[in-house]
Amino acid sequence: MSNCIFCEIIEGSIPSEIVYEDEAVFAFRDINGQAPLHVLIIPKQHIASINDLETNNAHLIGQLYLAAKEIAQTEGYTDQGYRVVMNCGEAAGQTVFHLHLHLLAGRPLTWPPG
Ligand code: DGP
């Protein structure tokens with residue numbers, strides 16, 4: 001999709017530090033990391049937010065979580081623990097309207113989040 005930063009990252013026209021890629025999923029380090037590990041896991045298909053999900057996206061959402069599990073394992077955080085979170089809408093802090101999971105690890109993560 002034009003005018004989408006994350007679509008441009010998938011295409012490679014905006015550089016990123018890629019940590020995972022398969023036929024449907026792309027993952028790269030957050031430019032403004034909030035923890036020693038902060039990776040964004042996104043579908044290659046442009047979907048703006050959770051509000052735009054449809055029933056036929058259910059498998060894709062599972063693929064995002066399986067990628068999170070694999071990246072956490074590759075980066076060495078399986079046993080220590082990690083957080084996977086998806087913001088939906090401006091009040092929740094969503095700033096980029098291309099669906100993305102945040103994968104965070106490497107420091108104590110408090111609850112509830114701010
Ligand atoms: P959210 O606030 O949930 O929409 O998260 C968007 C995240 O995207 C935020 O943590 C910063 C990150 N981000 C925005 N622009 C870029 C970029 O050009 N490159 C990378 N690597 N991350 C970006």
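Counting starts at 1 for both ligands and their atoms, following the listed order.
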Residue, atom and distance of the protein heavy atom nearest atom 4 (O) of ligand 1 read T95 N, 2.6 Å

For residues F28 and F6, establish whether the separation of their ring centroids is below 6.0 Å. yes

Check: H102 N/O within less than 3.5 Å of ligand 1 N/O:
yes

Item to check | Sub-4.5 Å side-chain heavy-atom contact between L60 and L99 | outcome: no

Counting heavy atoms under 4.0 Å, the part of I31 that contacts ligand 1 is both

Any heavy atom of F6 closer to ligand 1 than 4.0 angstrom? yes

Is it true that S16 lies under 4.0 Å from ligand 1, counting heavy atoms only? no

Note: L103 and A68 closest approach over all heavy atoms is CD2-O, 3.8 Å

Atom 10 (O) of ligand 1 sits nearest the protein heavy atom D30 OD2, 2.4 Å

heavy-atom search around atom 14 (C) of ligand 1 in the protein gives V96 CG2, 4.0 Å

- Within-4.5 Å side-chain heavy-atom neighbours: F26 and I9: yes

Closest to atom 5 (O) of ligand 1 among protein heavy atoms sits H100 NE2, 3.0 Å

Distance flag, aromatic centroids of H98 and H100, threshold under 6.0 Å: no

Any N/O pair I5/ligand 1 closer than 3.5 Å:
no

Side-chain contact, heavy-atom cut-off 4.5 Å: E75 with V19?
yes

Checking heavy-atom distances from atom 21 (N) of ligand 1 to each of H98, R29, H38, the winner is R29

In this structure, atom 2 (O) of ligand 1 is nearest to the protein heavy atom G93 O, 2.7 Å

Side chain to side chain donor-acceptor pair (under 3.5 Å) with K44: of E23, E11, E21, only one passes, and it is E21

message: Would a single hydrophobic cluster contain both I42 and V25, if residues Ile, Leu, Val, Met, Phe, Trp and Tyr are joined by side-chain heavy-atom contacts under 4.5 Å?
response: no

shortest atom 17 (C) of ligand 1-to-protein heavy-atom contact is with I9 CD1, 3.9 Å

